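Predicted model only: the values in this text are computed from it and were never measured.
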Amino acid sequence: GKTLEALPGKLWLIFLTDLSLEGENDFGNCDQSSMTIYDGNEKSFYCGSRPPSLVRISCSNIIQIEFASTHTAIGYRGFRLFYQTIDAPEG
């Protein structure tokens, strides 16, 4: 995984610009491969394919990004993120 730490008083904007992983199983879980964003006590899982979008404005200046896969899968690009910091709102 990768930990991103911004200066205090900053938050992260995270854009998912490309996602091509195996999709959810029959129970709606990303159990074969997934990209997870940990933000404080929250975590968001992403798998399958989705159009480019803003996926998170962090609630703190530290986030973790982790990729997990249970096996080798051929034909998937993986994922690409773009992230930048913004000033945290006052209060």
Distance-minimising heavy-atom pair for Thr85 and Ala6: CG2-CB, 3.7 Å
Stepwise side chain to side chain contact (heavy atoms under 4.5 Å, CB included) test for Ile37 and Lys43: CA-CA 5 Å; Ile37 298 174; Lys43 59 183 171 182; over 6 Å; no
Contact check, side chains of Cys47 and Glu22, non-hydrogen atoms, under 4.5 Å: no
Aromatic plane relationship, Trp12 with Tyr83 - under 30° parallel, 30 to 60° tilted, over 60° perpendicular: perpendicular
Contact check, side chains of Leu81 and Ile65, non-hydrogen atoms, under 4.5 Å: yes
Residues Lys2, Glu66: salt bridge by 4.0 Å N-O rule: no
Any Ile63 side-chain heavy atom under 4.5 Å of Ile14 side chain: yes
Gap between atom CG of Leu16 and atom CZ of Arg80 - 0.5 Å precision: 10.5 Å
Path from Met35 to Phe82 over hydrophobic side-chain contacts below 4.5 Å: no
Criterion side chain to side chain contact (heavy atoms under 4.5 Å, CB included) on Ser44 and Arg56, from CA distance to verdict: CA-CA 9 Å; Ser44 304; Arg56 179 166 286 279; 2.7 Å; yes
Whether over 12 other heavy atoms sit under 6.0 Å from Ile62 CD1: yes
Within-4.5 Å side-chain heavy-atom neighbours: Leu54 and Leu13: yes
Heavy-atom check, side chain of Phe79 versus side chain of Phe67, under 4.5 Å: yes
Minimum heavy-atom distance Val55-Arg50, with the two atoms named: CG1-NH2, 4.2 Å
Contact check, side chains of Leu21 and Ser33, non-hydrogen atoms, under 4.5 Å: yes
Shared hydrophobic cluster, Tyr46 / Leu4 (ILVMFWY, side-chain heavy atoms < 4.5 Å): yes
Note, Pro89 side chain near Leu11 side chain (heavy atom, < 4.5 Å): yes
Exam field: side chain Asn25 to backbone Phe27, donor-acceptor pair closer than 3.5 Å: yes
Non-hydrogen atoms of Asn61 and Lys10 that approach each other most closely: CB-O, 3.3 Å
Residue pair Asp39 / Ser60, side-chain heavy-atom distance below 4.5 Å: yes
